[in-house]
Amino acid sequence: MSSRLVCRFFYSRSSSGIRGLTNYCLSCCVNTLLQTLSATWELVQLLDRWDTAHLRADDSCNVPLQLKKFLVAMQSEESVSHRNFLHCLDRNGVQLDTQHDADEVFLFILNLIQKQMDDTILAEQIQALYKISMETYVQCVDCDSVQTKENYLLSLPLHVKEYHTSLEQCLTSFFEEHKLTGINCCFCVQCAVKTPTKQGVRLLSLPPILCIQLKRYRNHGGFTRKLSYEVTFPEMLDLSRVHQAFSKDFSQPQCQYTLYAVVVHSGSASCGHYTAYVRHRDMSWYYADDSHTRQVSWDKVQTSYGGELRHTAYMLMYRREESSTTGIKCHKETTK
């Protein structure tokens, strides 16, 4: 299937709504992730370029192969079954009849794509869709020497706290500099002793698809509880507004993103249900609750901000805007 055909299928499918997925053996978690992956047309097009003719058609353990088959069917067929993909995940350790964490399953799928695709170039391009390159730094307060280490994340984990009322506040908290003193002092190579230290992380590069996890679960007294605090999030996200987020080596021209998917969790930490809001290329929002789907407004998406006895956004998927160059200015302003 060509990329042009993939695009046509997205428009055709969106004009009549999205397809629901049956809840099969507690599969609501995977169902919602499949809806968001189906709306990530960059991923669909990369998998479409993967030549699988030499692979066994019945390879039931190859996650990227089964994902490709599902996504192609999602765009082109009247009826869609995702059972083969679910059983494929089960054979790789994501067991059926078990409740799972959506962010963990999402990262598990991305890691299996890296391991099981025999086209390493395409596998790396798929990872690059989500790869957030970061620099961790430790600065000695006494001598100002700095040690840095580069690493990356595939989703940005943001802690939710009672006083965090917006996504911007969660992001600002994530990039805040922390001072380590007393028993938490770090060893400074230049001073040759443990010294008070400033520690933090900075962005080196941003991906085309920015996945954000709102960490709403805490361990308290040996029990996991869910935090339902309200956290607002924008349809258009401008990361230039997040102070101290960028490394001096950050040089990308664009920092602005558009929301296109929200993974929602309802219920408690021990017993819950996943649904999703997704926006396809017709720019309309849809709500997917397993096999039940309907078109909704942005106001309805905003009901997932959270609050007492309300369903809460757990994962946010943003797509980087490529048409503007205002990000160059935003970088210079944030690194003064």
Side-chain angles (χ1 to χ4, degrees), residues 10 14-15 17-21 28-29 31-41 101-103 106 155-174 206 209-218 225-242 245 255-269 272-321:
F10 268 110
S14 297
S15 64
I18 65 173
R19 296 196 179 105
L21 299 172
C28 65
C29 173
N31 290 1
T32 58
L33 291 176
L34 287 175
Q35 294 288 3
T36 67
L37 295 175
S38 179
T40 310
W41 54 77
D101 180 274
D103 185 69
F106 169 72
S155 70
L156 197 62
L158 304 181
H159 283 284
V160 172
K161 300 179 181 178
E162 188 172 6
Y163 55 86
H164 289 162
T165 59
S166 69
L167 179 62
E168 185 176 328
Q169 287 180 320
C170 293
L171 285 163
T172 299
S173 177
F174 182 85
L206 287 165
I209 304 297
L210 178 63
C211 176
I212 295 175
Q213 178 200 15
L214 296 176
K215 296 176 69 69
R216 291 185 172 275
Y217 302 100
R218 297 286 189 279
R225 66 186 185 99
K226 179 182 175 182
L227 306 179
S228 297
Y229 305 136
E230 181 177 283
V231 177
T232 63
F233 50 84
E235 202 168 8
M236 303 294 294
L237 174 65
D238 185 357
L239 283 171
S240 68
R241 296 167 57 89
V242 183
C255 307
Q256 297 177 340
Y257 286 79
T258 302
L259 185 70
Y260 75 94
V262 182
V263 172
V264 177
H265 184 269
S266 304
S268 65
H273 179 60
Y274 284 105
T275 56
Y277 292 102
V278 292
R279 184 165 65 176
H280 288 283
R281 286 196 169 187
D282 67 347
M283 302 309 290
S284 297
W285 281 101
Y286 297 89
Y287 182 60
D289 182 355
D290 290 330
S291 58
H292 303 287
T293 64
R294 66 180 186 273
Q295 188 171 344
V296 296
S297 65
W298 167 241
D299 286 342
K300 184 65 176 178
V301 180
Q302 292 173 292
T303 63
S304 65
Y305 285 162
E308 198 65 33
L309 302 177
R310 302 182 71 177
H311 62 193
T312 54
Y314 182 55
M315 295 174 66
L316 306 173
M317 300 286 188
Y318 281 91
R319 174 175 284 112
R320 187 171 62 203
E321 294 292 323

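The backbone N or O of Leu210 sits nowhere less than 3.5 Å from a side-chain atom of Arg320 that would complete a donor-acceptor pair. Here the side chain of Ser284 pairs no donor or acceptor atom with the backbone of His280 at under 3.5 angstrom. Looking at Thr293, its side chain does come within 3.5 Å of a backbone N or O of Ile18 through a donor-acceptor pair. Asn31 contributes no side-chain N or O that, together with a main-chain N or O of Asp290, makes up a donor-acceptor pair within less than 3.5 Å. Without hydrogens or angle criteria, Gln35 side chain to Arg19 main chain gives a donor-acceptor distance under 3.5 Å. Checked by atom type and distance alone, the side chain of Thr172 pairs as donor or acceptor with a backbone atom of Glu168 at under 3.5 Å. Between the side chain of Arg216 and the backbone N or O of Thr312 there is no donor-acceptor pair closer than 3.5 Å. At distances below 3.5 Å, not a single donor-acceptor pair connects side-chain atoms of Ser173 with backbone N or O atoms of Cys170.
The distance from the CZ atom of Phe106 to the OG atom of Ser155 is 6.5 Å, given to the nearest 0.5 Å. To the nearest 0.5 Å, atom OH of residue Tyr257 and atom CD1 of residue Ile209 are 8.5 Å apart. Here CE of Met283 is found 6.5 Å from OG1 of Thr258. Values are rounded to the nearest 0.5 Å. Of the inter-residue distances, the one linking Leu227 atom CG with Glu162 atom CD reads 9.0 Å to the nearest 0.5 angstrom. With rounding to the nearest 0.5 Å, the separation of CG in Leu21 from CG in Leu34 is 6.0 Å.
Contact between Gly272 and His265 at its shortest, heavy atoms only, is CA-NE2, 3.7 Å. The minimum heavy-atom distance between Arg218 and Val160, with the atom names listed, is NH2-O, 2.6 Å. Counting all heavy atoms, side chain and backbone alike, Val231 lies closest to Ser166 at CG1-C, 3.7 Å. Nearest approach of Ala261 to Val278, heavy atoms of both residues: CB-CG1, 4.1 Å.
Legend: residues meeting salt bridge (charged side-chain N to carboxylate O under 4.0 Å, His left out) with Glu230, ordered by chain and number and at least two apart, are absent. In this structure, the side chain to side chain contact (heavy atoms under 4.5 Å, CB included) partners of Thr165, at least two apart in sequence or on a different chain, are Gln169. In this structure Tyr260 satisfies the ring pair (Phe, Tyr, Trp, His ring centres under 6.0 Å) test with no other residue, sequence neighbours excluded. In this structure, the side chain to side chain donor-acceptor pair (under 3.5 Å) partners of Thr303, at least two apart in sequence or on a different chain, are His311. Taking the ring pair (Phe, Tyr, Trp, His ring centres under 6.0 Å) definition, one finds that Tyr318 meets it with nothing, sequence neighbours left out. Phe233 meets the ring pair (Phe, Tyr, Trp, His ring centres under 6.0 Å) test with Tyr305; sequence neighbours excluded.
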Side chain to side chain contact (heavy atoms under 4.5 Å, CB included), that's the test. Do Asp103 and Lys215 meet it? Break it down for me.
CA-CA 10 Å; Asp103 185 69; Lys215 296 176 69 69; over 6 Å; no
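Partner of Tyr277 under the ring pair (Phe, Tyr, Trp, His ring centres under 6.0 Å) criterion, out of Tyr314, Trp285, Tyr286, Tyr287: Tyr287 alone.
Counting only N and O atoms by type, the side chains of Ser297 and Asp299 include no donor and acceptor under 3.5 Å apart.
Contact check for Asp238 versus Cys255: side-chain heavy atoms found under the 4.5 Å cut-off. Between Thr32 and Val264, every side-chain heavy-atom pair lies at or beyond the 4.5 Å cut-off. A heavy-atom distance below 4.5 Å is not found between the side chains of Ser268 and Lys226. Looking at heavy atoms from C-beta onward, Leu259 lies out of side-chain contact with Leu237 at the 4.5 angstrom threshold. Within the 4.5 Å cutoff, the side chain of Leu171 has no heavy atoms near those of the Arg241 side chain. Looking at heavy atoms from C-beta onward, Gln302 lies out of side-chain contact with Glu235 at the 4.5 angstrom threshold.
A cation-pi contact links Arg319 to Trp41, judged by a cut-off of 6.0 Å to the six-membered ring centre and 45° from its axis.
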